[in-house]
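We use all heavy atoms of the structure for the numbers below, so side chains are in, but hydrogens, waters and symmetry mates are not. A note on names: the letters A, B, ... follow the listed sequences, proteins ahead of strands, and every chain is numbered from 1. All values reported here derive from a predicted model rather than from experimental measurement.
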Amino acid sequence: MQIYDSVQKIKVPFEPIRKGEASIYVCGPTVYDDAHLGHARSSLAFDLLSRTLKALGYKVTLAKNFTDIDDKIIKKVEESGKSMEEITSYYINRYFEEMEALGVQRADIEPKATESLQAIEAMIQKLIDKDVAYIISNGDVYFDTGKDAHYGEISHQVGDDEDNQSRVEHTSEKRNPKDFALWKACKGEEDICFDTAFSSGRPGWHIECSAMIEKYFEGTEKYSIDIHGGGADLLFPHHENEAAQSRCATGHELAKYWMHNGFVQINGEKMSKSLGNSFFLKDALKVYDGEVLRYYLNSVHYRNDFNFNEEDLLTAKKRLDKLYRLKKRVTPGKGSSTNKAFKQSLLNAMSDDLNISIALSVIDEMIATTNEKFDANPKDKALKKETIANIEFIETLLGFGGKEPFSYFQIGVDEALKEKIETLLEERTQAKKAKDFTRSDTIRDELISMGIAIMDTADGTVWEKA
RNA sequence: GGAGCCAUCGCCAAGUGGUAAGGCCGCAGCCUGCAAAGCUGCUAUCCCCGGUUCAAAUCCGGGUGGCUCCUCCA
């Protein structure tokens with residue numbers, strides 16, 4: 001397995017810190033709002049990583065956190081009058097539902113910041129004791145970036161401060177402009193606070209990941225985990241800061257490899273609230289099938305930016321349709337074993353830093369050659385069993401192709417419409433028998449105008465929802 | 001101001017030194033009552049300029065055009 005390490009900026013062989021195992025921690029969402037397509041893409045990217053490592057035989061432990069305490073959540077609490085727990089649990093549940101619709105496997109560990117306060121306090125205390133963290137007059141605790149000789153090595157972002165007209169404010173009691181809050185002290189009565197030895201308050205954003213990784217992963221002398229992942233925007237300052245805290249607190253590096261997924265744009269524009277084009281996953285799922293969304297969002301390499309638009313999504317659906325049409329040819333039935341060359345080609349593609357484009361082309365080729373063989377010999381039992389196994393492997397590795405194929409083509413068709421379609425098809429079959437092609441073609445046109453495509457096969461007429 | 005990323009057929013997108021994968025669309029054909037589906041065949045010299053090399057989409061330099069981070073952000 002080769003993966004692209006964002007720190008070294010090259011593809012490197014994946015050599016886990018424990019033989020045969022892979023420990024992965026991905027930065028999850030701050031649960032103050034619905035998940036958008038960017039969350040989906042990140043989740044999907046690391047789902048692909050996890051599935052690939054599993055298929056290669058690694059014992060994968062995946063952790064994905066929920067930031068369930070932060071300024072935006074507190075603001076929402078104040079505005080809504082609801083409790084923090086009500087708000088965060090609502091969005092966490094929505095997140096799970098929506099990710100499930102995309103076929104994202106659940107993480108093995110799903111920690112929340114509020115459930116990790118002891119670990120957070122312990123790590124901050126450790127940093128204070130080592131004098132890499134300091135408390136300012138209002139009770140805030142800051143990390144002293146000047147004490148970490150390796151600060152900046154993760155993101156390559158921190159140069160000489162003279163050249164760096166950063167927009168970070170220099171006005172506070174911070175020792176260095178890049179110093180960041182480990183702990184934010186209580187500001188007022190309404191604030192949500194937790195008591196600690198240093199002050200009553202709540203954790204800063206970066207500390208939770210470091211603390212939770214220490215809490216849940218055993219690590220080795222050199223690293224806490226194998227891979228730390230997240231969106232490209234997290235590289236700096238979030239991951240730089242995590243790395244610094246962990247390094248200073250534990251004496252070793254946080255992660256051996258760092259992976260970051262690219263951004264989602266909408267019709268060529270950055271997705272943002274100010275542009276009013278935030279695309280929530282829940283809205284996308286109202287219009288498009290989750291599996292099609294999965295296929296589409298995963299069809300571009302995870303490190304590239306992704307430009308979401310409906311035309312490309314429909315193209316992706318057409319491609320997925322072809323897999324399901326092949327599946328129709330082999331359903332029902334039981335699989336035997338996968339075609340070795342096919343399986344190996346897929347694994348090779350995914351082993352190259354998740355080269356999904358090659359993987360999809362391998363699948364397309366399999367579909368074409370299998371169809372060709374079935375065209376020549378429709379009753380090929382061995383081929384049928386092998387094809388079933390091949391598709392099952394696709395489902396395991398890439399997370400699509402698992403549906404019953406006839407129902408896949410009927411998504412969004414209710415019972416009433418279904419009955420109407422069946423009635424029209426029956427009438428058309430009679431017309432065809434009577435050689436009344438004018439009538440049969442009229443019926444076909446009517447069905448097409450309803451968004452229903454039909455195809456005459458040796459076994460009768462079948463239909464698909466476009 | 002600082003730090004990066006990207007630019008390949010009409011569209012999406014692989015390929016990081018050895019002579020351009022795959023999908024969509026389009027065209028031709030097989031199949032079909034006609035279609036659809038499926039299959040077959042056809043369709044690019046890689047943003048521009050210069051350099052290195054026997055050989056470059058791939059390396060180097062300079063442009064042009066997009067994008068990201070440095071502030072909460074997947």
Side-chain angles (χ1 to χ4, degrees), chain A residues 6 9-11 26-30 32-33 35-46 67 70-72 152 155-169 177-178 205 229-238 240 260-265 268-273 278 296 299-307 309 311-322 325-326 328-329 349 352 355-365 367-376 432 435-438 440-441 444-445 447-448 453-457 461-464:
Chain A
S6 314
K9 298 189 183 194
I10 47 167
K11 263 190 236 178
V26 180
C27 286
T30 301
Y32 71 103
D33 205 348
H36 56 234
L37 291 177
H39 294 106
R41 170 121 133 116
S42 180
S43 207
L44 248 8
F46 290 100
T67 300
D70 113 312
D71 289 349
K72 289 189 289 286
S155 62
H156 313 285
Q157 275 279 351
V158 184
D160 297 334
D161 279 326
E162 344 306 320
D163 317 327
N164 199 335
Q165 281 196 345
S166 153
R167 284 167 282 178
V168 178
E169 79 295 350
K178 292 282 182 190
W205 176 37
D233 52 329
L234 298 181
L235 184 55
F236 190 87
H238 188 50
E240 187 71 58
H260 293 90
N261 62 275
F263 262 56
V264 176
Q265 302 180 317
E269 282 187 318
K270 180 187 167 129
M271 179 168 53
S272 76
K273 288 199 172 147
S278 280
Y296 176 49
S299 67
V300 176
H301 187 86
Y302 75 92
R303 270 190 282 123
N304 291 164
D305 280 342
F306 190 99
N307 184 17
N309 68 79
E311 187 189 340
D312 292 345
L313 184 140
L314 294 176
T315 297
K317 180 186 182 302
K318 284 180 189 172
R319 217 172 166 182
L320 218 208
D321 286 350
K322 296 204 300 185
R325 289 204 190 95
L326 174 62
K328 281 203 280 194
R329 296 182 86 156
D352 181 15
N355 193 328
I356 190 71
S357 289
I358 298 291
L360 295 181
S361 75
V362 167
I363 291 171
D364 286 333
E365 261 170 57
I367 292 170
T369 56
T370 308
N371 273 323
E372 194 182 353
K373 286 178 190 168
F374 275 131
D375 284 350
K432 273 181 67 179
K435 304 264 186 220
D436 183 359
F437 294 123
T438 312
S440 70
D441 290 352
R444 182 168 61 202
D445 289 343
L447 285 162
I448 289 169
I454 64 172
M455 34 215 75
D456 297 324
T457 74
T461 303
V462 296
W463 59 273
E464 294 178 358

Query raised in the report: Can any side-chain N or O of Asp305(A) pair as donor or acceptor with the backbone N or O of Phe263(A) at less than 3.5 Å?
Result: yes
Report summary line: Contacts of Leu235(A) meeting side chain to side chain contact (heavy atoms under 4.5 Å, CB included) (sequence neighbours excluded), chain-then-number -> Ile154(A), Ser155(A), His260(A)
Query raised in the report: Thinking salt bridges, do Lys11(A) and Asp352(A) make one under a 4.0 Å N-O criterion?
Result: yes
Report summary line: When both distances are under 3.5 Å in a Watson-Crick or G-U wobble arrangement, the nucleotide paired with rC59(B) is rG51(B)
**Report entry** Base-pairing mate for rC46(B) - Watson-Crick or G-U, with both contacts under 3.5 Å
**Finding:** none
Requested in this report: Report yes or no: is there a donor-acceptor pair, N or O only, under 3.5 Å between the side chain of Arg444(A) and the base of rC34(B)?
Outcome: yes
Query raised in the report: Can you check whether Ala40(A)'s main-chain N or O pairs, donor with acceptor, with Ser43(A)'s side chain at less than 3.5 Å?
Result: no
**Report entry** Residue-phosphate contact under 4.0 Å: Lys318(A) side-chain N/O, rC25(B) OP1/OP2
**Finding:** yes
Query raised in the report: Which part of the nucleic acid, if any, lies within reach of Asp305(A) when heavy atoms closer than 4.0 Å are counted: base, sugar-phosphate only, or nothing?
Result: sugar-phosphate
Query raised in the report: What nucleic acid atoms does Gly38(A) come within less than 4.0 Å of, heavy atoms only: base, sugar-phosphate, or nothing?
Result: base
Query raised in the report: Between rG22(B), rC69(B), rA74(B), which one does the side chain of Val264(A) approach most closely?
Result: rA74(B)
Query raised in the report: What is the nucleic acid contact for Glu464(A), judged by heavy atoms within less than 4.0 Å: base, sugar-phosphate only, or nothing?
Result: nothing
Query raised in the report: Using purine N1 to pyrimidine N3 plus N6-O4 or O6-N4 for Watson-Crick, or N1-O2 and O6-N3 for G-U wobble, each under 3.5 Å, what pairs with rA28(B)?
Result: rU40(B)
Query raised in the report: Would you call the rings of Phe306(A) and Tyr296(A) parallel, tilted or perpendicular if under 30° counts as parallel and over 60° as perpendicular?
Result: perpendicular
Report task. Please determine, for rA7(B), whether a Watson-Crick or G-U wobble partner exists with both distances under 3.5 Å, and give it or none. Result -> rU64(B)
Requested in this report: Round to a whole Å and report the spacing from CG of Asn307(A) to P of rA13(B).
Outcome: 8 Å
Report task. Measure from the side-chain N and O atoms of Glu240(A) to the backbone N and O of Gly152(A), and report whether any donor-acceptor pair falls under 3.5 Å. Result -> yes
Query raised in the report: NA contact type, Ser43(A), heavy-atom cut-off 4.0 Å: base, sugar-phosphate, or nothing?
Result: nothing
**Report entry** Any Arg325(A) side-chain nitrogen or oxygen under 4.0 Å from OP1 or OP2 of rG38(B)
**Finding:** yes
Query - Under-3.5 Å donor-acceptor pair between Asp441(A) side chain and rG33(B) base - result: yes
Query raised in the report: Any idea which of rG4(B), rU40(B), rG38(B) is nearest the Glu372(A) side chain?
Result: rU40(B)
Query raised in the report: So what does Leu234(A) hit on the nucleic acid, given a heavy-atom distance under 4.0 Å: a base, only sugar-phosphate, or nothing?
Result: sugar-phosphate
Report summary line: Quick note, Arg319(A) side chain, CB onward, closest among rG23(B), rC72(B), rC69(B) is rG23(B)
Query raised in the report: Nearest to the side chain of Ile358(A), which nucleotide is it out of rC67(B), rA21(B), rG23(B)?
Result: rA21(B)
Query - Salt-bridge criterion met for Asp321(A) and Lys328(A) (N-O under 4.0 Å) - result: no
**Report entry** C1' spacing across the pair rG18(B) / rU45(B), given as an integer number of angstrom
**Finding:** 14 Å
Query raised in the report: Under 4.0 Å between a side-chain N or O of Asn355(A) and OP1 or OP2 of rA14(B)?
Result: no
Report task. Tell me whether the OP1 or OP2 atom of rG38(B) has a side-chain N or O from Lys328(A) closer than 4.0 Å. Result -> no
Query raised in the report: Taking for each residue the nucleotide of RNA chain B bearing the nearest heavy atom, is the 5' side occupied by Tyr296(A) or by Gly28(A)?
Result: Tyr296(A)
Query raised in the report: Can you tell me if Ser42(A) uses its side chain to pair, donor with acceptor, with the backbone of Gly38(A) under 3.5 Å?
Result: no
Report task. Using the C1' atoms only, state how far rG63(B) lies from rA20(B), rounded to an integer number of Å. Result -> 25 Å
Query - rA14(B) and rC24(B), which share atom name C1', separated by this distance in whole Å - result: 15 Å
Taking only nitrogen or oxygen atoms into account, show me every contact under 3.5 Å that the protein makes with nucleotides 28-32 of chain B, one pair per line with its distance.
none

Query raised in the report: Contact class for Lys435(A) (heavy atom, under 4.0 Å): base, sugar-phosphate, or nothing?
Result: nothing
Query raised in the report: Is there a Watson-Crick or G-U wobble partner for rC69(B) with both distances under 3.5 Å, and which nucleotide is it?
Result: rG2(B)
Report summary line: Closest to the side chain of Phe263(A), out of rG33(B), rA74(B), rA14(B), is rA74(B)
Query raised in the report: Quantified in whole Å, what is the C1' atom distance between nucleotide rA7(B) and nucleotide rC12(B)?
Result: 15 Å
Query raised in the report: Hey, does the side-chain of His36(A) have a donor or acceptor N/O within less than 3.5 Å of a partner on the base of rA74(B)?
Result: yes
Report summary line: To the nearest angstrom, the NE2-P distance between His238(A) and rC72(B) comes to 11 Å
Report task. Go through the steps for Thr461(A) and Asp456(A) under the test side-chain hydrogen bond (donor to acceptor under 3.5 Å, both in side chains), then give the verdict. Result -> CA-CA 4 Å; Thr461(A) 303; Asp456(A) 297 324; 2.8 Å; yes
Report task. Pick the C1' atom in rG23(B) and in rU43(B), then give their distance to the nearest Å. Result -> 15 Å
Query raised in the report: Between rU16(B) and rU58(B), how far is it from one C1' atom to the other, in whole Å?
Result: 5 Å
Query raised in the report: Base, sugar-phosphate, or nothing: which does Ser361(A) touch, judged by heavy atoms less than 4.0 Å apart?
Result: base
Query raised in the report: Quantified in whole Å, what is the P atom distance between nucleotide rA37(B) and nucleotide rC46(B)?
Result: 34 Å
Query - With sequence neighbours excluded, residues passing side-chain hydrogen bond (donor to acceptor under 3.5 Å, both in side chains) with His238(A) - result: His206(A), Glu242(A)
Report task. For Ala368(A), answer base if it contacts any base atom (sugar-phosphate contacts may also be present), sugar-phosphate if it contacts only those atoms, and nothing otherwise; contact means non-hydrogen atoms under 4.0 Å. Result -> sugar-phosphate
Query raised in the report: Which nucleotide sits closest to the side chain of Asp312(A): rC70(B), rC11(B), rC24(B)?
Result: rC11(B)
